[in-house]
Each structure stands twice: as C-alpha cells, then as structure tokens.
2 protein chains.
Amino acid sequence: MADESQYELDEETLFLVSQTFKALSDPTRIRILHLLFEEELSVNKIAETLDLNQSNVSHQLRFLKNLRLVKYRRDGKTIYYSQDDEHVMKILQQSIDHATHH
Amino acid sequence: MADESQYELDEETLFLVSQTFKALSDPTRIRILHLLFEEELSVNKIAETLDLNQSNVSHQLRFLKNLRLVKYRRDGKTIYYSQDDEHVMKILQQSIDHATHH
DNA sequence: TATATATATGAACATATATTCATATTATAA
DNA sequence: TTATAATATGAATATATGTTCATATATATA
C-alpha cells in the first residue's frame, strides 16, 4: 500500500473518517457497541441493560445505522440490532483492550 | 487475551476510549495528525500548510498533547510537534486507507 | 534595553451534540 | 375494532465543541 501521508486528504475522506470516529467518541455509543460485540439485541434490552432511556437508545442506534456500523432485523414488534462493520468493531475492541491494560 | 465484552465497561475506560476517539473525530485534528505521519513540524508550518489560524492550531495541539497523542520539543523560538502514540496513529492510518479505497 | 518572532492563552460566539419529553408509528393480541 | 407493546421521531434544552480575536508569554536579536 502506497504511503499517502504526503498528500492532502480530500474532503470526502475527511468527512467519512471523522464521522466514523465521532461514532466512537461518545460513552453511550461505545457501551451500546460493546454490548453488540457478543450478540444481537433488541432496543429495549439495550436500554434495560445499560439503564438508558428508550428514546436515547433509539436515537443513538439511528446514528450508528446511518453510518452502517449496525444493522437490524424485525421480528414481530421487536427490532434486533447487531454489528455491521468488522473493521470498526475491531478497532473499538483493540482500543478498549489497550485502555483496560494501562 | 480474555473476551471481556460480557462485562460492563468501567467509567475510566469509557472516558479514556471516548476521549481518544474524540481526538480523531474532528477534520482539523485529523489533518494535523496526518501531517505528523511524516515528520515533526512547527506550529506555524502546520498552520501555513493547512491554511489554518495559528491560534486554532495551537488549541488543537494542546488538545492532542493532553491526550499524549503528540509531543513537542523547543528549538529557540520554534516549537516542533511530533506524534507520540503509535497505536492511535496506526488506527488513524488504517482508517484513512480504509476510507480512501472505498 | 527595545523590538521582532513564535507560540500559548482566555474570552466570546456560533454551531453541534446528547438527552429527555411527548407523541407518532408499527405490529400483535384480545 | 380496541388495546397493548416495541420502537421511532421531532421539538426543546442544556452542554460541549471549534474557531476567532485580542493579548500574553517566551525567546532571540539589534
């Protein structure tokens, strides 16, 4: 892979990269994604587990969904969310490990 | 390394991880760190290269320095900043590559 | 000493963001 | 149909953030 650090970053790249890291810059979203390391979960289950407002969870999930970091499937009245970006989840996992062991 | 995703993240870890990603969530800071991939640079040089206000660059560098993502050395009137966290710089590099090639 | 240069700092401001509240939407069950 | 449950949505609000401006600090040079 060519070294590209000598070039100015174009706006599209800057926006995409910054948005992705913004998703990971909020404790609530980190907690939600951390839960989704393991398994798919419903909105209510996430809200209960993390002791968060249902509306808050829904808003954050929309944010993550727009960035395609999570996906969902409906089963009756319940909507199950799960992770949808291996690369980002791996980065998050690594960073949590890094922070935990220091 | 044990799988820790079943545990709740403690506040300290949450704060550290979110702060680190917050550093990478702003286009200006990404551009600055991207410049520092290659070499150490003075505040003015960074400001000129990126066409940014000197004060703005100084504020952002302080932010990055507080998180120990950059370090500095003084040479006369000039202060040279350089990267100081391989792990974070690697994550940034990977994410830029990832975004560029999609 | 006085002047110039490089950088840092704090206040001010406009914008962005996270959260809550009230309510709408969607699907199921009675 | 009506009632209930799960989720989504939009407005409101308080706080956080990025940037600029004016100025302070630190160093070098005349």
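Convention: sequence-line order gives letters A, B, ...; per-chain numbering from 1.
Taking atom OH of Y80(A) as the reference point, atom C1' of dT7(D) lies 13 Å away to the nearest angstrom. Between Y81(A) atom OH and dT7(D) atom P there is a gap of 9 Å when expressed in whole angstrom units. Rounded to an integer number of Å, the gap from L61(B) CG to dT19(D) C1' is 14 Å. When rounded to the nearest whole Å, the span between CD of E48(B) and C1' of dT5(C) equals 13 Å.
Evaluation of the side chain to side chain donor-acceptor pair (under 3.5 Å) rule for Q94(B) yields no partner, not counting sequence neighbours. For R29(A), the salt bridge (Lys or Arg N to Asp or Glu O under 4.0 Å) test picks out no residue, with sequence neighbours left out. Scanning for side chain to side chain contact (heavy atoms under 4.5 Å, CB included) contacts around D10(A) gives E12(A), T13(A), with sequence neighbours left out. Not counting sequence neighbours, R74(B) has no partner by the salt bridge (Lys or Arg N to Asp or Glu O under 4.0 Å) test. Remark: E48(B) engages no residue in a salt bridge (Lys or Arg N to Asp or Glu O under 4.0 Å) (not counting sequence neighbours). Every residue was checked against the side chain to side chain donor-acceptor pair (under 3.5 Å) condition with D75(A), not counting sequence neighbours, and none meets it. For the side chain to side chain donor-acceptor pair (under 3.5 Å) test, no residue two or more places apart in sequence or in another chain qualifies with E39(A).
Checking the phosphate oxygens (OP1, OP2) of dT7(C), a side-chain nitrogen or oxygen of N44(B) falls inside 4.0 Å. Between T28(A) and dT19(C) there is a side-chain polar atom (N or O) within less than 4.0 angstrom of OP1 or OP2.
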Protein-to-nucleotide contact annotation, 5' to 3' order, nucleotides 20-30 of chain C [B base; S sugar-phosphate only; - none; under 4.0 Å, heavy atom]: BBB----BS--
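Interface residues of residues 18-27 of chain B facing DNA chain D, ordered by number: K22(B), D26(B); criterion, heavy-atom separation under 4.0 Å. The stretch residues 62-73 of chain B has no heavy atom under 4.0 angstrom from DNA chain D at all.
The ring-ring contact (aromatic ring centres under 6.0 Å, His included) contacts involving residues 71-91 of chain A comprise Y72(A)-Y81(A), H87(A)-H98(B), where partners must be two or more places apart or lie in separate chains. Listed by first and then second residue, the ring-ring contact (aromatic ring centres under 6.0 Å, His included) pairs that reach into residues 8-33 of chain B are F21(A)-F21(B), sequence neighbours excluded.
Across every strand in view, dA16(C) sits in a pair with dT15(D) that passes the Watson-Crick or G-U test at under 3.5 angstrom.
T78(B) comes within 4.0 angstrom of the backbone, heavy atoms only, and of no base.
Using a 4.5 Å heavy-atom cutoff, the side chains of E8(A) and R31(B) are in contact.
The main-chain N or O of K22(B) is found under 3.5 Å from a side-chain atom of S25(B) such that the two form a donor-acceptor pair.
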